[in-house]
Amino acid sequence: MPEGPELHLASLYVNNMCAGVVFTGAVRKSEVSKNPDVPFTCEAYRITAASRGKEVKLTLTPMKSDDSKKRVKAGQADQPMEIVFRFGMSGYFCFTTEDELPKHAHLRFYSKEEPCRVLSYVDARRFGSWHPDGKWQPDRGPCVMFEYESFRENIVSHLSDRAFDRPICEVLLNQKYFNGIGNYLRAEILFRLNIPPFASARTVLDGLQSEDVFEDKKPLNNEITDTKTSDGDKQKQGKGETGDLLRLCHTVPLEVVNQGGKGYDPQKADYSDFQAWLQCYYVDGMTSIRDHNGRTMWFKGDPGPMAPKDSKAPKAKKRAKKEDDHDYTEEKKVASSASKKNAVKQETVTKAPKKETDAGSKEAVSKGRKTDKSREVNAPQHEKKPTARGKKNSSAEPTTGPQRRSERTTRQNSK
DNA sequence: CGTCCACGTCTAC
DNA sequence: TAGACCTGGACGG
């Protein structure tokens, strides 16, 4: 759910769902949350939202009342309050009736309706946070989607920063420069330009200008153009019709925003559109290894010179999840309508069968459970292919559906 | 039932 | 550069 596009869609969701809605009372926090209390109580207020990179800001605005001039009741807010949210791995906003409150609704705003509805910040894993100070996190850079010019300028003018000493795929997750880019976006962006994920960031970015020379070019074109125009070595990416790396850090997230979350029918909201949109992340036939921070990097072809030498390949499972959680597409609609859970889309990545090279034995993974990341998995050196696991359906390709992208499992071995 | 994995930061050796 | 912080879904036994 939460990379720049999802945070922005969340802000649109709040603005759509809460337009015209009057909220009242105190802002309530769940017992279990360690985030700060939000000291705001008001007889009547409205809520609006805005996003910047991977943050969303809610503005609570007190409404004027006849007696507002006279005396605001003690403890009642008369000034707007702003709260900045970061979504962690599982945060999202949801507007429901009180009895439909989802599990893990950690911060709640109650409407004045009867029966009332509640705008909730929901976060199962609780990695997300909110900050009543109302400030965008100071060290985060300009939004890749909506502050494009300053985003470019910020990078071009700081290329000497040691932060760019690292592989481009790791720098893309540095929010000081790429506010809004996350794990699926970095894979999609690098894949489209055929940039080895572990190529030096500075080398890849060197020479790019603050001004986007593709500015008035046509928006984008999904062709993968594997034209591979790279005869020479100096592949200064950026040719072709898509634009340079920085431009894609802007346009690719916007493609997700423009999908609006998915189909036209909010009730059916499933994630097949999003899955169909993915060209690399978690896509069958692609390769994946863990970067130096233990995050899985999906790509195709040459990993690049700075690839972790010991590099481990992530397991290889199946996948039938939903990428884009939460359907922020619904325009306002009565929250009470029955929403049936339609079956979730299944299908998916069956790992390509491969010969499992690993010796199996080797040093046992003595460290037991670690944490979210950094699992030591012996990687078959040559082709690190995730081991195959059972395959489910999906074998035959429906004549109609585009399904999993590129069935061209062309294994373009690097060498 | 147990293991592995997940759209992200944070902070402590 | 490791953990820490969390819950839950998909699989495997």
Side-chain angles (χ1 to χ4, degrees), chain A residues 1-10 30 32-35 51 53-56 84-92 102-106 122-131 137-140 166 170 172-176 178-189 252-253 256-257 259 261 271 274-275 277-278 280-282 288 290-298 308 310 312-326 328 341 343-351 365 367-377 386-394:
Chain A
M1 208 259 113
E3 286 187 29
E6 291 75 26
L7 277 281
H8 183 64
L9 288 168
S30 71
V32 67
S33 176
K34 291 172 183 166
N35 278 305
S51 76
K54 248 181 262 184
E55 297 184 306
V56 170
V84 170
F85 292 79
R86 290 198 277 286
F87 284 7
M89 295 285 268
S90 55
Y92 65 95
K103 195 176 177 183
H104 306 300
H106 299 301
V122 185
D123 185 0
R125 298 183 70 180
R126 273 179 275 147
F127 288 174
S129 61
W130 61 78
H131 308 268
Q137 192 171 230
D139 291 338
R140 304 186 77 102
R166 333 210 58 210
E170 293 174 15
L172 283 172
L173 293 186
N174 183 340
Q175 304 299 297
K176 179 171 179 179
F178 296 89
N179 190 6
I181 300 301
N183 208 28
Y184 79 69
L185 284 171
R186 70 171 178 173
E188 295 301 310
I189 291 166
V252 174
V256 178
V257 168
Q259 279 185 176
Y271 314 99
F274 178 74
Q275 286 191 179
W277 174 83
L278 292 171
C280 179
Y281 183 77
Y282 237 119
S288 71
R290 298 205 188 269
D291 66 17
H292 295 288
N293 297 309
R295 297 271 256 151
T296 301
M297 179 66 221
W298 287 87
D310 53 329
K312 28 229 123 236
K315 281 306 202 235
K317 305 195 53 174
K318 241 27 178 338
R319 164 224 222 188
K321 288 200 37 172
K322 63 291 173 77
E323 268 313 322
D324 185 9
D325 254 328
H326 273 59
Y328 287 127
K341 285 325 189 179
V344 182
K345 173 89 287 80
Q346 75 250 70
E347 162 35 279
T348 16
V349 181
T350 18
K351 249 29 222 173
V365 184
K367 300 281 191 77
R369 179 93 256 90
K370 260 196 174 174
T371 65
D372 238 0
K373 31 178 133 201
S374 71
R375 286 264 334 107
E376 180 68 50
V377 176
T387 66
R389 250 190 213 180
K391 39 198 70 182
K392 203 183 272 175
N393 51 28
S394 85

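Throughout, a chain's letter reflects where its sequence line sits, starting with A, and its residues are numbered from 1.
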What is the distance, to the nearest angstrom, from the [atom1] atom on [X] to the [atom2] atom on [N]?
X        : N     : atom1 : atom2 : value
A:Phe87  : C:dT7 : CZ    : C1'   : 17 Å
A:Phe127 : C:dG3 : CZ    : P     : 16 Å
A:Leu185 : B:dA6 : CG    : P     : 16 Å

Exercise. Between which residue ranges does DNA chain B form stems of three or more consecutive Watson-Crick or G-U wobble pairs, both distances under 3.5 Å?
Worked result: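 Stem list for DNA chain B: B:1-6 with C:7-12, B:8-12 with C:1-5.
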Do the side-chain N or O atoms of [X] get closer than 4.0 angstrom to the phosphate oxygens (OP1, OP2) of [N]?
X        : N      : result
A:Arg86  : B:dC10 : yes
A:Arg125 : B:dG8  : no
A:Lys103 : C:dT7  : no
A:Arg290 : B:dC5  : yes
A:Lys54  : B:dG8  : yes
A:His104 : C:dG8  : yes
A:Gln175 : B:dC10 : no
A:Ser90  : C:dC6  : no

Problem set entry | Test item: A:Gln175 side-chain N/O and A:Lys54 main-chain N/O as donor-acceptor pair under 3.5 Å |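 Not at all, since once roles are kept as given, no pair shorter than 3.5 Å links the two residues.
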For this session: Quick one: label A:Arg186 by what it contacts on the DNA or RNA (base, sugar-phosphate, nothing), any heavy atom closer than 4.0 Å.
Result: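 If one applies the 4.0 Å heavy-atom cut-off, A:Arg186 turns out to touch nothing in the nucleic acid.
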For this session: Mind checking A:Glu188 for me? I need base, sugar-phosphate or nothing, with any heavy atom below 4.0 Å counting as a touch.
Result: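 Contact class for A:Glu188: none.
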Problem set entry | Side-chain donor-acceptor pair present, A:Ser90, A:Asp123, cut-off under 3.5 Å |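 Yes.
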Problem set entry | Polar contact flag, side-chain donor to acceptor under 3.5 angstrom, A:Arg86-A:His131 |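 Distance-only check passes for A:Arg86 and A:His131.
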Problem set entry | pair A:His106-A:Trp130: side-chain heavy atoms closer than 4.5 Å |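 Contact flag for A:His106/A:Trp130 side chains = yes.
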Exercise. Do A:Phe274 and A:Tyr184 make the cut of ring centroids closer than 6.0 angstrom?
Worked result: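 Yes, close enough.
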Exercise. In chain order, what residues pass the side chain to side chain contact (heavy atoms under 4.5 Å, CB included) check against A:His292, with sequence neighbours excluded?
Worked result: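 Here the qualifying residues are A:Arg166, A:Pro167, A:Glu170, A:Pro308.
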